[in-house]
> 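After the structure tokens below, expect a handful of questions from me.
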Amino acid sequence: MTGLNDKQSEACSYVEGPLLILAGAGSGKTRVITHRIAYLIDELAVNPYSILAITFTNKAANEMRERVDKLIDVGSVSIWVSTFHSMCVRILRRFYDRIGGKNNFTIYDTDDQKAVIKEVLKNLGMDPKMYPEKACISYISKAKEEFLTPDDMDKRSGTSYRDMQMANVYREYQKRMVQNNALDFDDLIFKTLELFTRDKEVLDIYQSRFRYIMVDEYQDTNHSQFLLVKMLAAKYRNLCVVGDDDQSIYKFRGADISNILNFEDEYPDAKVIKLEQNYRSTKVILDAANSVIANNEGRKSKKLWTENYIGNKIKYMVFETEYEEAHGVINAILDQRSMGREYSDIAILYRTNAQSRVLEEKLIYANIPYKLVGGTGFYNRKEVRDMIAYLKLIANHSDDISFSRIINVPRRGIGATTVNRIKDNAYASGQSLYDYCKSPDHIDDLGRSGSKICDFISMMDDFTEMSGILGNVPPEDICLTDLYDSIVDKTGYKTALVAEGTDEAKARIENLDELKNKIAHYEQDTDEPGLMGLLEEISLVADTDEGLDTDNKVTLMTLHSAKGLEFPCVYIVGMEERLFPSGLSIDSDDPDAVEEERRLCYVGITRAMEELMLSGATTRMINGTRTYPAESRFIKEIPKEFMERSGVKGRSVVKPAARPAVKPFGSSTFAPGIGGAKPDINNIPGVQKGFSSSGSAVYDYEVGDTVRHIKFGKGTVVSKVKGGSDYEVTVDFEKVGEKKMFASLARLKKV
DNA sequence: GAACCCATCATTTTT
DNA sequence: TGATGGGTTC
């Protein structure tokens, strides 16, 4: 197979029987999966229809399909490439009725879950102070991740009163979910498992179809997902899982690392292939990552190596406060920029979202464009959620949660008292809120509000008619954007916002328009668009997936969201005990908690291709209190020879910005050394020394060596002259003749 | 029914 | 520090 190393190509062609691919960071994992699929189709003439590839995020799924599509001529559309969750939705939409469900179920997100829990606690007469919603949700989620029913959990409670109560909440919660005809994210997996367990015919349909199954990020699977994969693969046993135990960072959401560690116990005939060659990072960066992760116990033995050049030392800076730290990072970025590095090559990573604020402030001040990944997304805005609640209620009249959310939004004079009466009565008669209100017999019970409720229901009925979910409208006549316009308009939602006239209201109106754009996009890009499909997409596809990667901006995100990405230049901030590793993990009685933080550190370090800077502060404000954190243990785990420390007294060692956009950072002079020069073709945006001016970089070629340059091809090193922290290298290229360049920028590779 | 004020409480997150 | 939510007051 072309362009693959031995291990990679072995992994591609080993297709019969169970296979575990341990793919280290930057070892070309996605490449292997896509080539493997191409191999199955092109070389073995496998029908694409019988291939299933499961990923965790939609982004990964899309990327995979695109890359397969480039490798093969036809058929990529009929491969099932999807996330666990969308796969399960697809199966349940077809067969959920086989186990007594309704195929038009609604998907509930965490906010909806919270609302259900609230009702449940009220109903059971339990104190939300003693049993916080969050705790209930995570209890239920944990149970479902383990494929345990309320009865199972009840048995497990033993003599613990609290556990028994929690099991009760779980049972009552499920009852409500059935009433609302809704499934939460964990239910999607759980119910599919239940379907497969109870209906062998359905199981056989999928088992027979999927002759070849691949699971990406296998270290992130929970127990239920493990069971699901196991069932699907039971017939042909052509199961290939790809993962890296060292990058398991999602234990808190149920990821079970033993799935990958015990794969060989589960499948004794499994072949194991390790991908240990890293194509991403410099030697220094990779060795630092290896040194850190070596402190963990209970991992699969594995040692990443690379043929890449040694590279610059890792910079480690200590500042006085978090503000100075941010300031220092910005200065470093401006330096990089003045060397010709693109903003989009740079990422700032942190442990907690709260850390982004200070960084953002400084970035704005310095006029540096940035994009923030994660955080509270578009679909969490109140006005957007309101609109989606309308759509959800239209699609599923049993959805009491959405009904309660919008019955008086915008205000239509239906107050809490009335709503509570509706709830009580409807609950007593076993009807949904919608059906209860729709029944003419009940209007009188509702007194003065009766007519208002009548109006509301008849409006919703009109919307329902328009939506086409009743099957009364020919599909080509359904227009979701029209439906959306009607909702925004006829409910008076927009009018209410316009009347408000505040800046905030204006922003909300913009968000309403933005949602319309998204709906229009969906309608355009989908073969058979419908309300169900739209809601699915909204629930299952995070809006972070559609970020415009073309923009030249610095990326800000948590270490968690950085997994799977790479950047030439990475800054990891907040390298302090109790921040990273987090205090909770240090205090935990589970020894694996700190190990998981260490894996997170490993993930962070291995995101960097060329340049890595770590930083911390000697004092930091956390939750309103000033703290004086010690240096992170992970710093101590990086061998000194890879690292260049500076700072401690913060500001004094921070260089002024090379070219501040505003003039925020005090005296702005010039950056010494190679800074300031406009990048030209000889100076491909590359590496810069960042903070230090002492020599640090080491390169593995000498005068007379033959080297390869990414653009100019092969050449011979004519001279190598030290200048600042860098070397000025002159190379005589076979094709283009003699070129002078900075070693750190040239990315020369010895041949 | 709505505005306002005070208490509370804080990892990580995709689906 | 800051967001959020419940309770109180008008």
Side-chain angles (χ1 to χ4, degrees), chain A residues 54-61 82-89 107-115 118 127-129 132-135 137-138 141 144-145 183-190 192 217 220-222 224-225 248-255 322-323 349-358 361 373-377 379-380 382 408 411-419 449 536-545 557-564 574 578-588 593-594 596-597 599-601 603-604 620-627:
Chain A
I54 306 175
T55 62
F56 268 83
T57 65
N58 292 288
K59 199 175 166 192
S82 82
T83 63
F84 271 103
H85 296 269
S86 30
M87 173 181 84
C88 289
V89 170
I107 299 166
Y108 272 8
D109 62 21
T110 321
D111 258 50
D112 300 320
Q113 284 182 285
K114 252 186 172 170
K118 254 187 210 164
D127 181 4
K129 285 247 163 62
E133 291 136 33
K134 256 181 89 181
I137 290 175
S138 92
S141 186
K144 289 177 183 171
E145 280 158 4
L183 297 178
D184 63 32
F185 289 125
D186 299 311
D187 281 332
L188 296 175
I189 314 286
F190 191 105
T192 306
E217 305 284 11
D220 288 342
T221 49
N222 62 37
S224 290
Q225 289 163 335
S248 164
I249 54 173
Y250 285 114
K251 191 178 182 189
F252 69 92
R253 67 176 200 213
E322 66 268 39
Y323 290 95
L349 311 181
Y350 37 81
R351 177 67 244 266
T352 68
N353 280 310
Q355 289 169 261
S356 72
R357 227 196 68 246
V358 178
E361 265 172 35
V373 176
T376 318
Y379 292 109
N380 272 327
K382 181 187 180 296
N408 199 32
R411 317 241 129 83
R412 42 177 79 90
I414 304 172
T417 329
T418 311
V419 175
S449 305
E536 238 158 70
E537 180 142 321
I538 289 173
S539 311
L540 297 179
V541 181
D543 53 320
T544 48
D545 286 1
M557 63 186 151
T558 61
L559 287 149
H560 281 91
S561 4
K563 196 171 75 150
R578 311 210 122 253
L579 180 60
F580 189 33
S582 76
L584 284 168
S585 74
I586 292 172
D587 297 337
S588 165
V594 171
E596 175 136 326
E597 298 279 313
R599 291 192 286 270
L600 192 55
C601 184
V603 167
R620 179 184 300 269
M621 195 71 103
I622 287 181
N623 298 341
T625 21
R626 187 139 288 287
T627 60

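The figures that follow rest on heavy atoms only: side chains count, while hydrogens, waters and symmetry mates do not. Here is how names work: the chains are called A, B, and so on, in the same order as the sequence lines, proteins then strands, and each is numbered from 1.
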> Could you give the CD1-to-P distance, from A:Ile137 to B:dT14, as a whole number of Å?
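A:Ile137 atom CD1 is separated from B:dT14 atom P by 16 Å.
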> Using 30° and 60° as the class limits, which term best fits the ring planes of A:His85 and A:Phe185: parallel, tilted or perpendicular?
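Aromatic pair A:His85/A:Phe185 classed perpendicular.
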> Students often get this wrong, so: under 4.0 angstrom with heavy atoms, is A:Ser582 touching a base, only sugar-phosphate, or nothing?
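Base contact.
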> Hey, are the side chains of A:Gln225 and A:Phe56 touching, using non-hydrogen atoms and a 4.5 Å cut-off?
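SC-SC contact between A:Gln225 and A:Phe56 confirmed.
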> Let me know the distance between OH of A:Tyr250 and P of B:dT12, rounded to the nearest Å.
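These atoms are roughly 12 Å apart.
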> I want to check something: taking the side chain as every heavy atom from C-beta on, are A:Tyr379 and A:Asp109 in contact at a cut-off of under 4.5 Å?
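No, too far: nothing below the 4.5 Å cut-off.
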> Contact boundaries of DNA chain C with chain A (under 4.0 Å, heavy atoms), 5' to 3'?
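Listing 5' to 3', DNA chain C meets chain A from C:dT1 to C:dG6.
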> Whole angstroms only, please: what is the CZ-P distance between A:Arg351 and B:dT11?
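Roughly 10 Å, once rounded to whole Å.
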> Could you check whether A:Lys118 gets within reach of a base, just the sugar-phosphate, or nothing at all, counting any heavy atom under 4.0 Å?
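Touches sugar-phosphate only.
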> Whether A:Asp587 and A:Arg578 form a salt bridge (side-chain N of Lys/Arg under 4.0 Å from carboxylate O of Asp/Glu) is what I want to check.
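Result for this pair is yes, salt bridge flagged.
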> So does A:Thr558 get a side-chain nitrogen or oxygen closer than 4.0 Å to the phosphate oxygens (OP1/OP2) of B:dT13?
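For B:dT13, OP1/OP2 do have a side-chain N/O of A:Thr558 under 4.0 Å.
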> OP1 or OP2 of B:dT13 less than 4.0 angstrom from a side-chain nitrogen or oxygen of A:Asn353, does that happen here?
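So the side chain of A:Asn353 is within the cut-off, an N or O lying under 4.0 Å from OP1 or OP2 of B:dT13.
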> Of the nucleotides B:dT15, B:dT12, B:dT13, which one has an atom closest to the side chain of A:His85?
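Between B:dT15, B:dT12, B:dT13, the one nearest the side chain of A:His85 would be B:dT15.
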> A:Phe252 near the nucleic acid: base, sugar-phosphate alone, or nothing, with a heavy-atom cut-off under 4.0 Å?
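Answer is base: heavy atoms of A:Phe252 come under 4.0 Å of a base.
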> Counting the atoms with a prime plus P, OP1 and OP2 as sugar-phosphate, which does A:Ser561 contact under 4.0 Å by heavy atoms, base, sugar-phosphate, or nothing?
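Answer is sugar-phosphate: A:Ser561 comes under 4.0 Å of backbone atoms only.
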> Counting the atoms with a prime plus P, OP1 and OP2 as sugar-phosphate, which does A:Asp184 contact under 4.0 Å by heavy atoms, base, sugar-phosphate, or nothing?
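If one applies the 4.0 Å heavy-atom cut-off, A:Asp184 turns out to touch nothing in the nucleic acid.
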> Specify the separation, in whole Å, of atom NZ of A:Lys129 and atom C1' of B:dT8.
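So the NZ-C1' distance, A:Lys129 to B:dT8, works out to 9 Å.
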> Provide, to the nearest angstrom, the distance between the CD1 atom belonging to A:Ile107 and the C1' atom belonging to B:dT15.
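Roughly 9 Å, once rounded to whole Å.
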> If you compare every side-chain N and O of A:Asn58 against the phosphate oxygens of B:dT15 (OP1, OP2), does one of them come in below 4.0 Å?
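Yes, because at least one side-chain N or O of A:Asn58 sits under 4.0 Å from OP1 or OP2 of B:dT15.
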> Counting C-beta onward and ignoring hydrogens, is there a side-chain heavy-atom pair between A:Ser582 and A:Arg351 closer than 4.5 Å?
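The answer is yes, as the side chains (C-beta and beyond) meet within the 4.5 Å cut-off.
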> Return the value, rounded to whole Å, for the distance between atom NE2 of A:His560 and atom C1' of B:dT11.
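After rounding, the reported distance stands at 8 Å.
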> Across the strands shown, which category fits A:Glu597 at heavy-atom distances under 4.0 angstrom: base, sugar-phosphate, nothing?
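Result for A:Glu597 = base.
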> Taking atom C1' of B:dA10 as reference, at what distance in whole Å does atom CZ of A:Arg357 sit?
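These atoms are roughly 14 Å apart.
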> Under the side-chain contact (heavy atoms from CB on, under 4.5 Å) test against A:Phe84, which residue among A:Thr55, A:Val89, A:Ile189 passes?
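Answer to the side-chain contact (heavy atoms from CB on, under 4.5 Å) test with A:Phe84 among A:Thr55, A:Val89, A:Ile189: A:Ile189.
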> Tell me whether A:Ser224 contacts the main-chain N or O of A:Lys144 through its side chain, where contact means a donor paired with an acceptor under 3.5 Å.
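Confirmed, A:Ser224 side chain pairs with A:Lys144 backbone.
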